[in-house]
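Remember, it's a predicted structure, so these values are computed and weren't measured experimentally.
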Amino acid sequence: MNQPIKNFEEAPSLGSAQTAKPRPVRRFVLTSIVILLVVGGIVWWTKQATPPPESARGRNSGPMSIVPEAVGKGDIGININALGTVSSLATVTVRTQISGYLMKIDFTEGIEVKKGDLLAEIDPRPYEATLAQARGQLARDEAALKGAQVDLARYQGLAAQNAVPRQTLDTQVALVAQNQGTVEADKASVKSAEVNLAYCHIVSPIDGRVGLRQVDQGNYVTPGDTNGLVVITQLQPISVLFTVPEDNLQAIAKRIQAGAVLPATALDRTGANKIADGALQTFDSQIDPTTGTIKLRAQFPNDDRLLYPNQFVNIRLLLDTHKDVTTMSTAGIQRGAPGTFVYLVNADSTVSVRPVKLGVTDGDRVEVLSGLNPGDRIVIDGADKLRDGAKIVIRSETPPAQANPGQAPAEPNKSGGGKKRRSEGGQQQ
């Protein structure tokens with residue numbers, strides 16, 4: 001009887017042990033929840049304590065650092081920019097006009113020659129013989145003409161006395177005329193032989209620069225040689241051909257008809273370096289219908305020989321100049337909801353939005369038609385975060401001067417900073 005009771009009492013103890021096993025799991029879960037809540041609270045408090053970004057502070061933000069510039073007054077030009085090709089005013093391929101052996105080359109490649117300078121010589125002996133033959137023929141025919149003229153004078157005297165028939169007189173008159181024609185032909189032959197003999201000495205037809213030699217001494221040259229002897233190119237003065245849109249033609253033509261000289265500047269490929277100064281000469285007589293442009297020619301003295309044929313250059317044509325106008329830097333132009341505007345620097349270290357109306361632009365300067373007066377200061381650097389009424393602090397574009405003007409700047413070390421100076425004790429400062 002007692003044994004069942006003992007087992008009955010043990011049963012609850014076993015059951016209570018099974019129900020006690022889940023308690024550590026519940027404790028772990030509760031602990032994790034508490035930790036998550038604490039971490040979440042810390043994160044929330046951190047976000048609340050972080051100050052808003054600079055752009056969201058509005059009027060409570062600190063002053064912005066800017067660089068101002070005063071609006072000026074002066075002249076500003078109306079320029080037309082175009083791409084041009086240098087073209088020589090005269091390019092001559094020197095060819096022989098007679099056939100013969102090239103006996104001598106009298107020029108050096110690349111030199112400057114004048115009109116009439118000797119370039120080459122061809123064997124003149126065959127042409128000297130031809131000239132001598134023509135002169136002998138002329139002398140013989142002139143003697144025959146003189147004899148016929150003497151006979152004609154005698155026949156005319158006899159005919160007056162009816163001593164010779166009229167037919168004999170007429171025949172003698174015809175003979176004299178025939179001999180005169182022969183003499184004239186002989187004179188032409190002599191002239192032709194003299195010209196051919198002169199062609200044995202090949203001279204420069206223009207002033208210019210001699211190119212590379214196309215034939216060597218000792219060759220047999222003929223007028224049919226395609227390459228010729230050498231090419232001479234005129235470099236001074238020289239021209240540049242360039243095209244502009246047809247919309248600019250009316251303004252250009254009006255200025256030329258008024259007698260104005262339009263300056264033209266030749267620049268290099270980058271457009272930053274000036275090569276030469278010249279002036280517009282003329283423009284073509286028709287517009288290219290495929291591109292809607294017209295071709296113009298500008299001439300340059302080219303004293304420094306910096307322009308060469310077929311060279312590509314940028315041309316800046318000064319069409320007109322606006323005198324004594326209000327100008328400002330293009331760096332201060334802003335565009336937005338008010339249209340084109342600038343940030344005007346006020347006396348109380350604030351800026352205000354000032355709408356402006358702009359005119360022509362010349363490089364980094366632009367004409368101000370309205371909105372600003374000379375002497376006004378505008379922001380040209382640091383305007384990206386400004387707004388109307390914002391506080392500013394003025395800084396200079398130039399770096400601060402060194403304490404010792406004669407001291408060289410410190411060299412950068414490997415970490416990117418300047419070298420540290422050492423004191424007399426050897427310690428780095």
Side chain of [X], backbone of [Y]: donor and acceptor closer than 3.5 Å?
X: S239; Y: S87; value: yes
X: R354; Y: G371; value: yes
X: T330; Y: V366; value: no
X: E69; Y: I378; value: no
X: N302; Y: L235; value: yes
X: Q214; Y: L212; value: yes
X: D225; Y: N227; value: no

Taking C-beta and beyond as the side chain, do [X] and [Y] meet within less than 4.5 Å on heavy atoms?
X: L119; Y: L229; answer: no
X: L317; Y: L280; answer: yes
X: T293; Y: I287; answer: no
X: I392; Y: P63; answer: no
X: K187; Y: V190; answer: no
X: L83; Y: I315; answer: no
X: S189; Y: Q133; answer: no
X: D284; Y: T243; answer: no

Contacts of [X] that satisfy side chain to side chain contact (heavy atoms under 4.5 Å, CB included) - sequence neighbours left out:
X: N196; result: I98, Y127, S192, Y199
X: T171; result: Q167
X: A253; result: Q257, F283
X: L36; result: none

As an exercise, state the distance from [atom1] of [X] to [atom2] of [Y], rounded to the nearest 0.5 Å.
X: I66; Y: K385; atom1: CD1; atom2: NZ; value: 15.0 Å
X: L175; Y: Q149; atom1: CG; atom2: CD; value: 10.0 Å
X: D288; Y: I294; atom1: CG; atom2: CD1; value: 10.0 Å
X: S99; Y: I122; atom1: OG; atom2: CD1; value: 8.0 Å
X: K357; Y: T340; atom1: NZ; atom2: OG1; value: 11.0 Å
X: R297; Y: Q281; atom1: CZ; atom2: CD; value: 9.0 Å

Closest non-hydrogen atom pair, [X] against [Y]:
X: V94; Y: P205; answer: CG2-CD, 4.3 Å
X: A120; Y: L102; answer: CB-CD1, 3.8 Å
X: L169; Y: A159; answer: CD2-CB, 3.8 Å
X: Q334; Y: A383; answer: NE2-CB, 3.6 Å
X: G359; Y: L369; answer: N-CG, 3.8 Å
X: V244; Y: I252; answer: CG2-CD1, 4.2 Å

- By salt bridge (charged side-chain N to carboxylate O under 4.0 Å, His left out) - contacts of D216 (at least two apart): R213
- Could you tell me which residues satisfy salt bridge (charged side-chain N to carboxylate O under 4.0 Å, His left out) with E184, sequence neighbours excluded, listed by chain and number?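 Applying salt bridge (charged side-chain N to carboxylate O under 4.0 Å, His left out) to E184 gives none.
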- Message: Show, in sequence, the C-alpha distance, side-chain angles and deciding distance for V351 and D388, and conclude whether the side-chain contact (heavy atoms from CB on, under 4.5 Å) test is met.
- Response: CA-CA 6 Å; V351 294; D388 192 18; over 6 Å; no
- Message: Can you confirm whether E112 is buried at CD, in the sense that more than 12 heavy atoms of other residues, nucleotides or ligands lie under 6.0 Å from that atom?
- Response: yes
- Item | N310 atom CG: more than 12 heavy-atom contacts under 6.0 Å | no
- Query: Can you list every salt bridge (charged side-chain N to carboxylate O under 4.0 Å, His left out) pair that touches residues 253-271, not counting sequence neighbours?
  - Reply: none
- Task: Provide the full list of salt bridge (charged side-chain N to carboxylate O under 4.0 Å, His left out) pairs with a residue in residues 113-131, sequence neighbours left out, each pair given once.
- Result: D123-R125
- Query: side-chain contact (heavy atoms from CB on, under 4.5 Å) between L118 and I202: does it pass, once the steps are laid out?
  - Reply: CA-CA 6 Å; L118 183 63; I202 302 174; 5.8 Å; no
- Task: Determine, step by step, whether T222 and T96 satisfy the side-chain contact (heavy atoms from CB on, under 4.5 Å) criterion, reporting the C-alpha distance in whole Å, the side-chain angles of both residues, the deciding distance to 0.1 Å, and the verdict.
- Result: CA-CA 6 Å; T222 63; T96 177; 5.5 Å; no
- Message: Applying ring-ring contact (aromatic ring centres under 6.0 Å, His included), can you list everything that pairs with Y343, at least two apart in sequence or on another chain?
- Response: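 Listed in chain order: F341.
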- Item | Any residue meeting ring-ring contact (aromatic ring centres under 6.0 Å, His included) with Y220, in chain and number order, not counting sequence neighbours | Y101
- Message: Hydrogens and angles aside, do D303 and Q236 bring a side-chain donor and acceptor to less than 3.5 Å of each other?
- Response: yes
- Please walk me through it: do N179 and T182 pass side chain to side chain donor-acceptor pair (under 3.5 Å)? CA-CA 5 Å; N179 289 337; T182 303; 4.9 Å; no
- Task: Output every pair passing ring-ring contact (aromatic ring centres under 6.0 Å, His included) with a member in residues 161-183, not counting sequence neighbours, ordered by first then second residue.
- Result: none
- Task: Decide yes or no on side-chain contact (heavy atoms from CB on, under 4.5 Å) for L89 and I238, but give the supporting numbers first.
- Result: CA-CA 6 Å; L89 293 176; I238 203 167; 5.8 Å; no
Expected list for residues 73-81: side-chain donor-acceptor pairs under 3.5 angstrom, two or more places apart:
| residue | atom | partner | partner atom | Å |
| --- | --- | --- | --- | --- |
| D75 | OD1 | D324 | N | 2.8 |
| N79 | ND2 | D362 | OD1 | 2.9 |

